Amino acid sequence: MYMPSNRGFITDGLRRSIGDTMGKEYWIGDVTAGSHDAKEVVLKGWVHRARGSNKIWFIVVRDSTGHVQCVAKRDVVGEECFESLRNALIESSVEITGVVEPTDREHGHEVQVSSATVVGPVNPDRPFPITESAMEDSDGGETEFLLDNRHLYLRTSRMTTMLKIRSTVFGAIHSYFRDRDFTEYQAPNFVAGAVEGGSTLFEVPYFGKKAYLTQSWQLYAEAAMPALERLYTMAPSFRAEKSRTRRHLTEFWHAEMEVAWASNDEVMEHGEGVVRHVASTLLEEMSEELEEMGRDLSMVARFAESEYPRMRYDEAIEILQSKGVEVEWGQDLDYSKEKILTSDFEVPHFLTHYPRVAKPFYHRPDPEDPKYVLCHDLLAPEGYGEIIGGGERTWSEEEILERIDEEGTPRDPYEFYIDIRRYGGVPHGGFGLGVDRLCTWLSGAEHIREAIPFPRDSRRVTP
RNA sequence: GCCGACAUAGCUUAGUUGGUGGAGCGGUGGACUGUUAAUCCACAGGUCGCAGGUUCGAGUCCUGCUGUCGGCGCCA
């Protein structure tokens with residue numbers, strides 16, 4: 001939803017200053033909202049579409065707040081101006097002065113142009129390559145062409161809408177944690193050891209040594225847990241998985257949190273809390289944008305208002321077996337099984353208490369039955385799959401050494417991590433949330449690539 | 001790592017049994033005084049991904065390579 005008060009200095013009565021206007025005084029969103037009716041405005045933006053005759057020329061101008069049609073008449077603007085506007089190809093940048101006229105026509109408001117200049121022209125030898133036909137969905141996915149021209153595709157309405165939704169998701173996650181007295185905390189991106197299996201690490205040369213790009217903030221967050229007690233971050237994580245699916249990136253944005261003294265159940269409450277908070281924030285601030293993306297708002301409302309059921313791993317196995325799926329106890333649940341399991345779900349579900357053998361060493365074994373670990377995954381419905389993974393951490397020195405050794409993981413890179421247990425270890429836990437996955441799911445997008453400006457996967461690092 | 005598809009103009013694509021590659025959009029020129037993906041007329045634009053092979057002749061058949069897309073495993 002366009003909020004005039006964010007930028008519209010006239011509508012909300014904010015005092016103007018050079019700092020407020022930042023090179024631009026009028027916003028198209030304000031024009032179409034009726035804030036400047038019958039007044040002269042100076043619009044700065046880009047040519048979205050243009051058409052007309054040799055006497056009258058229509059230019060639909062876009063800025064970050066909307067579109068408006070500007071009408072230039074040859075006998076009003078003069079020969080030179082008229083010709084320069086006629087020659088302004090799509091995506092030329094323009095500065096247009098004119099009077100806002102409310103009309104009954106399609107866009108509701110028009111600007112009667114009195115003068116105009118083309119700020120940054122587009123050369124007809126190289127017209128803007130993203131055309132209507134380029135955006136035709138040949139098979140549901142984005143074409144190679146659009147991915148190659150991502151830097152230009154960003155300014156199309158679909159991507160712009162997605163970027164606004166994404167910004168709101170990021171803001172909502174920050175506000176959720178900050179409103180609950182979490183401290184934002186940053187971990188290094190160059191690290192020496194893995195969090196997950198070693199095969200998915202990106203190795204980088206580091207002054208004659210080897211370093212890796214971080215897969216998670218978690219281990220370093222645990223180091224600060226005794227200092228801050230409640231902490232969170234949103235930062236990129238890197239995984240060298242050659243995954244070719246609609247939910248994987250090699251560089252993704254990871255919202256992670258860690259809480260001292262917390263149980264698995266309490267951590268899950270925050271997982272549910274943050275996802276529901278994001279969904280309700282989107283409903284409040286981005287309902288128009290969600291509809292533009294083709295998202296049914298009643299679905300998002302359901303995700304914001306419902307409680308998320310919790311199911312133990314054993315229960316999930318029973319359900320799968322009753323559906324005739326071949327699955328053995330102890331197996332991790334892969335996506336094909338997640339998909340069958342979640343096909344009947346209408347809201348996200350937590351899956352808890354996985355077998356110890358299926359999870360890495362930092363998961364705490366359940367004291368009531370050490371075959372299991374105190375962990376949880378949050379599975380989004382509609383086939384979107386896992387968006388959160390978390391749980392309680394192994395927190396005593398004895399137990400962490402036992403878990404590391406049984407896994408065959410070398411102790412060396414984790415000495416700092418073990419130290420956290422040697423000096424006043426306490427129960428604690430946390431989770432990691434895939435922010436791009438959350439954006440994909442809540443906006444109803446087909447592919448995670450749609451939810452991030454420059455997606456990275458195993459085959460693409462450009463542009 | 002595995003499986004499966006695809007590659008023709010700037011873009012989206014048609015191309016029959018192997019016989020001199022078409023269209024729409026975009027661009028250029030022109031017509032048109034209210035258009036909404038404007039319309040109408042004309043023009044330009046192609047090493048049919050690359051390399052071999054079969055054939056009198058290959059966009060089309062065969063082999064290899066490259067690239068891309070989709071899916072699996074793994075995960076957020």
Side-chain angles (χ1 to χ4, degrees), chain A residues 48-60 67 69-76 82 87 89-91 101 103-107 110 112 122-149 152-153 195-200 215-218 234 236-256 271 331-339 358-360 377-380 384-390 431-441 446-449 457-460:
Chain A
H48 178 66
R49 291 283 181 274
R51 51 190 164 253
S53 66
N54 64 359
K55 300 276 172 54
I56 185 166
W57 198 248
F58 305 96
I59 310 155
V60 179
H67 297 75
Q69 177 162 277
C70 302
V71 186
K73 290 172 181 163
R74 189 189 283 271
D75 54 8
V76 174
F82 190 83
N87 291 326
L89 297 187
I90 287 173
E91 289 306 316
E101 180 188 278
T103 77
D104 296 331
R105 296 196 180 89
E106 197 165 303
H107 300 101
E110 281 183 351
Q112 295 294 334
V122 170
N123 186 336
D125 294 337
R126 301 180 62 120
F128 193 68
I130 315 288
T131 58
E132 292 288 337
S133 58
M135 289 188 291
E136 276 169 19
D137 249 358
S138 38
D139 51 4
E142 283 164 318
T143 62
E144 179 185 358
F145 177 78
L146 290 180
L147 291 165
D148 285 342
N149 290 281
L152 302 175
Y153 186 44
V195 177
E196 312 289 347
S199 61
T200 63
Q215 297 178 303
S216 167
W217 160 95
Q218 180 198 325
M234 266 198 286
S237 285
F238 305 89
R239 298 206 180 154
E241 289 155 354
K242 290 184 177 169
S243 310
R244 299 203 45 74
T245 78
R246 62 187 60 193
R247 33 180 215 295
H248 282 87
L249 296 167
T250 52
E251 175 182 351
F252 67 96
W253 284 80
H254 211 171
E256 297 182 84
Q331 265 185 298
D332 208 353
L333 296 181
D334 60 46
Y335 179 67
S336 63
K337 297 180 186 70
E338 268 181 21
K339 204 171 172 183
K359 290 287 179 182
D377 286 355
L378 181 66
L379 307 181
Y384 283 93
E386 187 177 341
I387 53 174
I388 281 180
F431 65 74
L433 161 69
V435 184
D436 317 278
R437 284 187 179 177
L438 185 63
C439 293
T440 310
W441 164 53
E446 290 281 309
H447 200 295
I448 196 166
R449 271 198 304 245
D457 65 29
S458 61
R459 292 199 190 155
R460 182 178 285 280

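None of the values given here were measured: they were computed from a predicted structure. Letters go in sequence order (proteins before strands), and every chain restarts at 1.
An OP1 or OP2 oxygen of B/G70 is reached within less than 4.0 angstrom by a side-chain nitrogen or oxygen of A/His447. Phosphate proximity of B/G10 to A/Thr131: absent, as no side-chain N or O sits under 4.0 Å from OP1 or OP2. OP1 or OP2 of B/G71 sits under 4.0 Å from a side-chain N or O of A/Arg246. For the OP1/OP2 pair of B/G70 and a distance below 4.0 Å, the side-chain nitrogens and oxygens of A/Arg244 include at least one atom meeting the criterion. Taking only side-chain nitrogens and oxygens, A/Arg49 never comes nearer than 4.0 Å to OP1 or OP2 of B/G26.
Among the nucleotides B/U28, B/A76, B/A38, the one closest to the side chain of A/Leu249 is B/A76. Comparing B/U33, B/C74, B/G27 against the side chain of A/Arg247 picks out B/C74 as the nearest. Side-chain proximity of A/Glu241 to the nucleotides B/A76, B/G73, B/U28 is greatest for B/A76. Closest to the side chain of A/Ile448, from the set B/A76, B/U28, B/C75, is B/A76. Counting only heavy atoms from C-beta on, A/Arg460 has its side chain closest to B/U68 among B/U33, B/C75, B/U68. Proximity note for A/Asp334 (side chain, C-beta onward) versus B/C75, B/G34, B/C74: the nearest is B/C74. Comparing atom distances between the A/His254 side chain and each of B/G34, B/G26, B/A76 picks out B/A76 as nearest.
Remark: ring of A/Tyr335 not stacked against base of B/G73; the cut-offs of centroid gap under 5.5 Å and plane tilt under 30° are not jointly satisfied.
Here A/Gln331 lies out of heavy-atom contact (under 4.0 Å) with every strand. If you check every strand for non-hydrogen atoms under 4.0 Å, A/Gln112 touches a base. Counting any heavy atom pair closer than 4.0 Å across all strands shown, A/Ser336 reaches sugar-phosphate atoms only and no base atom. No contact: A/Glu256 has no heavy atom under 4.0 Å from any strand. A/Ile388 comes within 4.0 angstrom of the backbone, heavy atoms only, and of no base. At the heavy-atom level, A/Asn54 lies under 4.0 Å from base atoms of the strands shown. Using a 4.0 Å heavy-atom distance criterion, A/Asp125 is classed as making no nucleic acid contact. Using a 4.0 Å heavy-atom distance criterion, A/Arg126 is classed as making no nucleic acid contact. Contacts of A/Gly389 with the nucleic acid, taken as non-hydrogen atoms under 4.0 Å apart, involve only primed sugar atoms and P, OP1 or OP2. Within the nucleic acid shown, A/Leu89 comes within 4.0 Å of sugar-phosphate atoms alone, with no base atom in reach, counting heavy atoms only. Note on A/Phe145: only backbone sugar-phosphate atoms sit closer than 4.0 angstrom, heavy atoms only; bases stay farther off. A/Ile56 comes within 4.0 angstrom of a nucleotide base, judged by non-hydrogen atoms across all strands.
Distance noted for atom P between B/C72 and B/G59: 38 Å (whole Å). Remark: the separation of the C1' atoms in B/U20 and B/U63 is 27 Å, to the nearest Å. One C1' atom belongs to B/G4, the other to B/U47, and the distance between them is 30 Å to the nearest Å. A distance of about 6 Å separates the C1' atoms of B/A7 and B/G49, rounded to the whole Å. Across the P atoms, B/C41 and B/G24 are found 9 Å apart, a figure rounded to whole Å. A gap of 15 Å separates the P atoms of B/C11 and B/G26, to the nearest Å. Across the C1' atoms, B/G22 and B/G34 are found 36 Å apart, a figure rounded to whole Å. B/C62 and B/U16 are spaced 14 Å apart, taking the P atom of each and rounding to whole Å.
Checked by distance alone, A/Thr245 brings no side-chain donor or acceptor within 3.5 Å of a matching partner on the base of B/G70. Residue A/Ser133 places a side-chain atom within donor-acceptor reach of the base of B/C11, judged by atom type and a 3.5 Å distance cut-off alone. Not a single donor-acceptor contact under 3.5 angstrom links the side-chain atoms of A/Lys55 to the base of B/G34. Residue A/Glu446 places no side-chain atom within donor-acceptor reach of the base of B/G70, judged by atom type and a 3.5 Å distance cut-off alone.
Rounding to whole angstrom units, NZ of residue A/Lys337 and P of B/C72 are separated by 12 Å. Protein atom CG of A/Leu152 is 13 Å distant from nucleotide atom P of B/C11, rounded to whole Å. Distance NZ (A/Lys242) to C1' (B/C69): 18 Å, rounded to an integer number of Å. Between the CD1 atom of A/Ile90 and the C1' atom of B/G27 there is a distance of 11 Å, rounded to whole Å. Whole-Å rounding puts the A/Phe58 CZ to B/U39 P distance at 14 Å. One can place CG of A/Asn149 at 15 Å from P of B/U68, the figure rounded to the nearest angstrom. If you take CD of A/Glu144 and C1' of B/U8, they are 14 Å apart, rounded to a whole angstrom. Straight-line distance from the CG atom of A/Asp457 to the C1' atom of B/U68: 11 Å, rounded to whole Å.
Considering CZ of A/Phe128 and CG of A/Leu152, their distance stands at 4.5 Å, rounded to 0.5 Å. To the nearest 0.5 angstrom, A/Phe252 atom CZ is 8.0 Å from A/Glu241 atom CD. Once rounded to the nearest 0.5 Å, the distance linking CZ of A/Phe145 with CD1 of A/Ile130 reads 5.0 Å. From A/Glu256, atom CD reaches atom OG of A/Ser216 across 3.5 Å, with rounding to the nearest 0.5 Å. Residue A/Thr440 holds its OG1 atom at 11.0 Å from CZ of A/Arg449, rounded to the nearest 0.5 Å.
In this structure, A/Tyr384 and A/Trp441 have tilted ring planes: the angle between them lies in the 30° to 60° band.
Of the charged side-chain nitrogens involved, at least one lies within less than 4.0 Å of a carboxylate oxygen, so that A/Asp148 and A/Arg460 count as a salt-bridged pair.
For B/U63, the paired base is B/A51 (Watson-Crick or G-U wobble, both distances below 3.5 Å). For B/A44, there is no paired base (Watson-Crick or G-U wobble, both distances below 3.5 Å). Nucleotide B/A38 forms no Watson-Crick or G-U wobble pair with any nucleotide shown, as no partner meets the under 3.5 Å limit on both distances. Pair assignment for B/G1: B/C72, on the basis of Watson-Crick or G-U wobble contacts that are both within less than 3.5 Å.
Two residues are said to be in side-chain contact when any heavy atoms from C-beta on lie closer than 4.5 Å; A/Asn54 and A/Arg74 meet this criterion.
Residues passing the side-chain hydrogen bond (donor to acceptor under 3.5 Å, both in side chains) test with A/Arg244, sequence neighbours excluded: none.
Each of A/Asn87 and A/Pro129 has a nearest nucleotide on RNA chain B; the 5'-most of these lies closest to A/Pro129.
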Report the C-alpha separation of A/Ser243 and A/Thr245 in whole Å, then their side-chain angles, then the decisive distance to 0.1 Å, and conclude whether the side-chain hydrogen bond (donor to acceptor under 3.5 Å, both in side chains) test is met. CA-CA 6 Å; A/Ser243 310; A/Thr245 78; 5.8 Å; no
